[in-house]
S.K.: 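Just passing along the structure, written as structure tokens.
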Amino acid sequence: MKLTTWNVNSLKVRLPQVLQWLQTNPVDILCIQETKLTDDKFPQAEIEAAGYHVVYTGQKTYNGVAILSRHPIEDVQKNNPLFEDEQQRIIAATIAGMRIICAYIPNGQAPGTDKFSYKLRWLESLETWLQQEMAKHPNLALLGDYNIAPDDRDVHDPAAWEGMNLVSPEERTAFQRLIALGLSDSFRQFEQAEKTFSWWDYRALGFRLNKGVRIDHVLLSAPLAQRCISCSVDRVPRKWEQPSDHAPVTAELKPAE
DNA sequence: ATGGCATTTGATAAATGA
């Protein structure tokens with residue numbers, strides 16, 4: 001069972017790459033962020049033709065999330081029911097006995113801005129809701145673009161990022177509060193190469209110089225973490241023509257006992 | 001180097017991203 005998260009930075013532009021990637025990486029579940037599409041423009045037929053069920057919630061220009069699945073999708077929830085939000089950043093569903101939550105956590109712009117306080121309020125409410133969801137669903141996975149680099153290991157140059165969003169103590173504390181609910185950062189369950197990142201700036205040769213940050217994560221509840229046998233970043237599609245600035249991150253679970 | 005690049009929009013410069 002393979003679970004992937006990928007911020008595609010416009011599904012309109014990136015649909016061919018998503019389909020191409022799925023051909024060689026036929027994962028069970030793919031959580032997508034930043035579709036940037038209203039629901040009437042979502043390429044449902046193309047995705048279904050590729051052999052995937054799909055659910056989505058989107059808006060014009062910004063945000064938008066979707067879950068693609070080889071297995072039937074049930075009990076779909078759009079957005080956090082505890083957090084009034086016009087921005088479409090969450091979609092959750094039950095798939096193959098797991099509660100799958102796909103999230104595009106706010107960027108936060110910069111500490112001290114309105115967007116930053118929105119991010120912190122958003123995360124606080126996510127935590128409250130997740131606690132309820134975990135009580136209902138022991139098998140839970142939270143996949144997405146967190147816009148948080150949890151540790152200095154997750155930043156190419158921590159000194160250069162000092163004082164920025166993605167790395168601030170407030171954001172890292174919010175991330176650790178999610179972990180404290182009983183979630184595991186599947187990437188850190190395993191030995192990983194140093195300087196493994198999931199996002200690289202389009203500018204200033206970010207990818208070529210590996211000036212990245214690790215902000216896309218697959219968090220697993222304890223029963224799923226116990227089944228997890230790998231978690232890795234696939235840098236290949238970041239090298240393609242006109243790529244997303246994010247790479248897909250995949251966790252693999254062995255079958256339940 | 002308060003820029004650099006990509007995407008979107010009742011575009012044609014501005015906002016947003018991270």
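Chain letters run A, B, ... following the sequence lines, proteins first, then strands; residues in each count from 1.
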S.K.: Is there a side-chain contact between A:Gln242 and the phosphate of B:dT7, meaning an N or O under 4.0 Å from OP1 or OP2?
M.R.: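 So the side chain of A:Gln242 is within the cut-off, an N or O lying under 4.0 Å from OP1 or OP2 of B:dT7.
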
S.K.: In a check of side-chain hydrogen bond (donor to acceptor under 3.5 Å, both in side chains) between A:Asn7 and each of A:Arg14, A:Gln33, A:Glu34, which one passes?
M.R.: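 For A:Asn7, the side-chain hydrogen bond (donor to acceptor under 3.5 Å, both in side chains) check succeeds only for A:Glu34.
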
S.K.: Looking only at atom C1', what distance separates B:dT12 and B:dT2, rounded to whole Å?
M.R.: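 24 Å, rounded to whole Å.
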
S.K.: Centroid-to-centroid, A:Trp240 to A:Trp21, below 6.0 Å?
M.R.: no

S.K.: Find the distance between OG (A:Ser221) and CD (A:Gln226) and round it off to the nearest 0.5 Å.
M.R.: 9.0 Å

S.K.: Does a nitrogen or oxygen in the side chain of A:Lys211 sit under 4.0 Å from OP1 or OP2 of B:dA18?
M.R.: no

S.K.: A:Ser10 side chain: which of B:dT16, B:dA18, B:dT7 is closest?
M.R.: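 It is B:dT7.
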
S.K.: Short of 4.0 Å, heavy atom to strand atom, which residues of residues 200-208 of chain A count as contacting DNA chain B?
M.R.: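 Residues of residues 200-208 of chain A under 4.0 Å from DNA chain B: A:Tyr202, A:Arg203.
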
S.K.: Compare the minimum distances between each of B:dG17, B:dA18, B:dT8 and the side chain of A:Lys36, then state the nucleotide with the smallest one.
M.R.: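 It is B:dT8.
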
S.K.: Which is more 5' along DNA chain B, the nucleotide nearest A:Lys60 or the one nearest A:Trp199? Just name the residue.
M.R.: A:Lys60

S.K.: So, for A:Pro106 and A:Asn147, which heavy atoms are closest and what is the spacing to 0.1 Å?
M.R.: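 Closest heavy-atom pair between A:Pro106 and A:Asn147: O-CB, 3.5 Å.
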
S.K.: May I have the distance from A:Ile148 (atom CD1) to B:dG17 (atom P), rounded to whole angstrom?
M.R.: 15 Å

S.K.: Using the C1' atom in both, what is the distance from B:dT16 to B:dA11, to the nearest Å?
M.R.: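 Per the computed distance, 15 Å lies between those C1' atoms.
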
S.K.: Could you measure between the two P atoms, the one in B:dA1 and the one in B:dA13, and give it in whole Å?
M.R.: 29 Å

S.K.: Got a salt bridge between A:Lys119 and A:Glu171, using NZ or NE/NH1/NH2 to carboxylate O under 4.0 Å?
M.R.: yes

S.K.: For the pair made of NZ in A:Lys41 and P in B:dT7, what is the distance, rounded to whole Å?
M.R.: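 About 18 Å, once rounded to whole Å.
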
S.K.: Which one, B:dT8, B:dG17, B:dT7, comes nearest to the side chain of A:Thr61?
M.R.: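 Closest nucleotide to the A:Thr61 side chain: B:dT8.
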
S.K.: Starting at atom CD of A:Gln59, determine the distance to atom C1' of B:dG17, rounded to an integer number of angstrom.
M.R.: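 These atoms are roughly 14 Å apart.
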
S.K.: Check the distance between B:dG17's C1' and A:Glu34's CD and give it to me in whole angstrom.
M.R.: 7 Å

S.K.: Within the structure shown, what part of the strands sits under 4.0 Å from A:Asp245 by heavy-atom distance: base, sugar-phosphate, or nothing?
M.R.: nothing

S.K.: So does A:His246 get a side-chain nitrogen or oxygen closer than 4.0 Å to the phosphate oxygens (OP1/OP2) of B:dA18?
M.R.: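 For B:dA18, OP1 or OP2 has a side-chain N or O of A:His246 closer than 4.0 Å.
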
S.K.: From B:dT7, B:dA18, B:dA15, pick the nucleotide closest to the side chain of A:Asn9?
M.R.: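 For the A:Asn9 side chain, the nearest candidate turns out to be B:dT7.
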
S.K.: Identify whether any heavy atom of A:Arg214 sits under 4.0 Å from a base atom; if not, whether one sits that close to sugar-phosphate; answer base, sugar-phosphate or nothing.
M.R.: nothing

S.K.: Hey, could you give me the CH2/NE2 distance between A:Trp200 and A:His246, rounded to the nearest 0.5 Å?
M.R.: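 A:Trp200 atom CH2 to A:His246 atom NE2 measures 10.0 Å (nearest 0.5 Å).
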
S.K.: Which nucleotide in the set B:dA18, B:dT16, B:dT7 lies at the smallest distance from any side-chain heavy atom of A:Lys115?
M.R.: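 Of the options given, the side chain of A:Lys115 lies nearest B:dT16.
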
S.K.: According to a strict under-4.0 Å criterion, is A:Arg14 in side-chain N/O contact with OP1 or OP2 of B:dT7?
M.R.: yes

S.K.: For the pair made of CZ in A:Arg89 and P in B:dT16, what is the distance, rounded to whole Å?
M.R.: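 Rounded to whole Å, this separation is 12 Å.
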
S.K.: Any side-chain N or O of A:Asn165 less than 4.0 Å from the OP1 or OP2 oxygen of B:dG17?
M.R.: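 So the side-chain polar atoms of A:Asn165 never come under 4.0 Å of the phosphate oxygens OP1 or OP2 of B:dG17.
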
S.K.: When you compare B:dC5 with B:dG10, how far apart are their P atoms, in angstrom units rounded to a whole number?
M.R.: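 The same atom, P, in both gives a distance of 26 Å.
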
S.K.: Show the numbers, then the answer: is there a salt bridge (charged side-chain N to carboxylate O under 4.0 Å, His left out) between A:Arg121 and A:Glu124?
M.R.: CA-CA 5 Å; A:Arg121 281 187 290 110; A:Glu124 189 177 356; over 6 Å; no

S.K.: Looking at A:Tyr104, does the NZ or CZ of A:Arg89 lie under 6.0 angstrom from its six-membered ring centre and within 45 degrees of the ring axis?
M.R.: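 Yes, a cation-pi geometry holds between A:Arg89 and A:Tyr104.
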
S.K.: B:dA6 C1' sits how many Å from A:Arg238 CZ, rounded?
M.R.: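 Going from A:Arg238 (CZ) to B:dA6 (C1'), I get 10 Å.
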
S.K.: When we call it a touch if two heavy atoms are under 4.0 Å apart, what does A:Asn63 touch: a base, just sugar-phosphate, or nothing?
M.R.: nothing

S.K.: Provide, to the nearest angstrom, the distance between the CG atom belonging to A:Asn7 and the P atom belonging to B:dT7.
M.R.: 12 Å

S.K.: Of the listed nucleotides (B:dT9, B:dT7, B:dA18), which one gets closest to any side-chain atom of A:Tyr104?
M.R.: B:dA18

S.K.: Name the residue closer to the 5' end of DNA chain B, choosing between A:Pro243 and A:Gln87 according to the nucleotide with the nearest heavy atom.
M.R.: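 Looking at DNA chain B, the more 5' nearest nucleotide goes with A:Pro243.
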
S.K.: P atom, B:dA18 versus B:dA14: distance in rounded Å?
M.R.: 22 Å

S.K.: To the nearest angstrom, how far is A:Asp145 atom CG from B:dT7 atom P?
M.R.: 16 Å

S.K.: Students often mix this up, so state it plainly: with edges at 30° and 60°, are the rings of A:Trp122 and A:Phe83 parallel, tilted or perpendicular?
M.R.: perpendicular

